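Sequence lines set the chain letters: A, B, ... in the order given, protein chains first and strands last, and positions in each chain run from 1. Being a predicted model, the structure only gives us computed values, none of them experimental.
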Amino acid sequence: MCTATFDLPSTKNRLNSDTMQDTDAAIDSEACFKLKGNRVTMTILELYRYDYKSFNDALSATVSNAPDFFQQTPVILSLEKCTEQSFIDFIELGELCREYGMVPVAVRGGNEEQILAANVAGLPKLPAATSGNKVTESTETTITVRGIKVAESANKIITTPIRSGQQVYAEGGDLVVIAPVSAGAEILADGNIHVYGPLRGRALAGVKGDTDARIFCQSLEAELISIAGSYKVSEDLRGELWQQAVKASLEGDQLKISPL
Amino acid sequence: MAEIIVVTSGKGGVGKTTTSAAIGTGLAMLGHKTVIVDFDVGLRNLDLIMGCERRVVYDFVNVINGEANLNQALIKDKRVDNLSILPASQTRDKDALTQEGVQKVLDELKKTHDYIVCDSPAGIEKGAMMAMYFADKAVVVTNPEVSSVRDSDRILGILQSKTMRAEKGEAPIQEHLLLTRYNPERVDRGEMLGVKDVEDILSIPLLGVIPESKSVLSASNQGQPVILDIESDAGQAYSDAVRRLLGENVEHRFLMAAKKGLLSRMFGGR
């Protein structure tokens, strides 16, 4: 306990100067650095619970869906929905993340024990975004964090058929396709996916981890559908909802498909 | 203004060259000055199907390289006026086709012809890309089976994104679906995809359905475009397709299995 508290400030300082380095453009000959505020868009990894195996599996599935999206990607670990687990091995978790190209830089939310453990692992705490905390409203970091989902929303609407071999990605927003999506085509979105036509290819919504993302289509004939890394392949989809209008969403980590 | 029509498919062996020969010949028979260009450098077949393999002196690649002029390389068809063939080289490979070279030859052909039919090689490599790059219309030849349909779908995606019209943002290439080797009896038995299934997957307008027919094979072997065999159902189906390509409204034929009479059933005739 004692060591932990003692360690805290130094850890924090190191991290701060690290993050500031990029934006530092000081030309002052005397000072060797200058602190500046800046906004950056970051991915949030919302943790529900942690154990090595399931985290590893889920991460590997998410990353394999979109390998190019995670390369030295800084992420903030949100602990707001992880209230039941008191001990989390953040050092192990951090190593796992880095293995897949994500670099945890801070934690958000969480109880005291969790925050302490995070600090020991070199992860500072950011003010919670949705806790109604008055202080958070005014700090710049929070604005940054809050801005993630709305600031760069860029929805995409496609009106021509998406053919085998084609790939369409709506980065930072929803993808709406008003045409068939052929087998062998791949459509991806950070947000939701709507297909007003038969969906015969692969559809991946919430590819950056948005578990609230959904998929809607007029006729389910897909090779694969995935939301935030939880997926089902054609073989699992060929039930009574096959070739029906459906919506898909996540319930826990289960992909749930129901008629529209 | 001359029109460039590419006959393409992605998959090999579905009937691109047969279709190129038939459509080119059909257009010429209707009085349009037509040239069929073989883009399958290294595996040239068009001259065989057209029965002019013994008259090939210079070829497409020779013209591109400036080793011969167009008039020396073009082979006039002996059966149909207004029709000529530009054969591919058998000794070179597809890299001999450069975009500038192809454009130069096509531009020159455009001055003296109404229709330029480009017979594309299979695949999605250079030869196929060059055949489609300058096209105004595309005839996508598809067999009623899943792998052929998938490959056609891929080709349609490329037609929309990697051709001159797409790159320049002009009106997209007009796409036409030609279903070949269609056997209504096998469709009824569930062994083959039906017209509706294929149309549904590819969602482009149907130019024609060519029934599976022995006359296609024997015509190829005789070096005779099958469209000249006006007795055969395949020949008639191609004639219909050519008229549709020119904008005529012709009803589709040969979509249903013929009812077998008692006699043919007894003697097992087809």
With no hydrogens and no angle check, is any side-chain donor or acceptor of A:R163 less than 3.5 Å from a backbone partner on B:Q160?
->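 Answer holds: no.
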
Does atom [atom1] of [X] have more than 12 heavy-atom neighbours, drawn from other residues, nucleotides or ligands, at distances under 6.0 Å?
X      : atom1 : answer
A:Y100 : OH    : yes
A:E240 : CD    : no
B:R165 : CZ    : yes

Chain A neighbours within residues 142-158 of chain B, where any heavy atom lies under 4.5 Å away |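 When heavy atoms of chain A are the reference, residues 142-158 of chain B contributes B:R150, B:D153, B:R154, B:L156, B:G157 within the under-4.5 Å range.
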
Identify the residues of residues 13-24 of chain B whose heavy atoms come closer than 4.5 Å to a heavy atom of chain A, ordered by number, or report 'none'.
->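 Residues of residues 13-24 of chain B touching chain A at under 4.5 Å: none.
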
What part of A:P180 lies closer than 4.5 angstrom to a heavy atom of chain B: side chain, backbone, both or neither?
->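 Interface part for A:P180: side chain.
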
Can you name the nearest heavy-atom pair linking B:D200 to A:R200, along with the distance?
->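 That would be OD2-NH2, 3.0 Å.
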
Interface moiety of B:I124 toward chain A, non-hydrogen atoms closer than 4.5 Å =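 Neither the backbone nor the side chain of B:I124 comes within 4.5 Å of chain A.
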
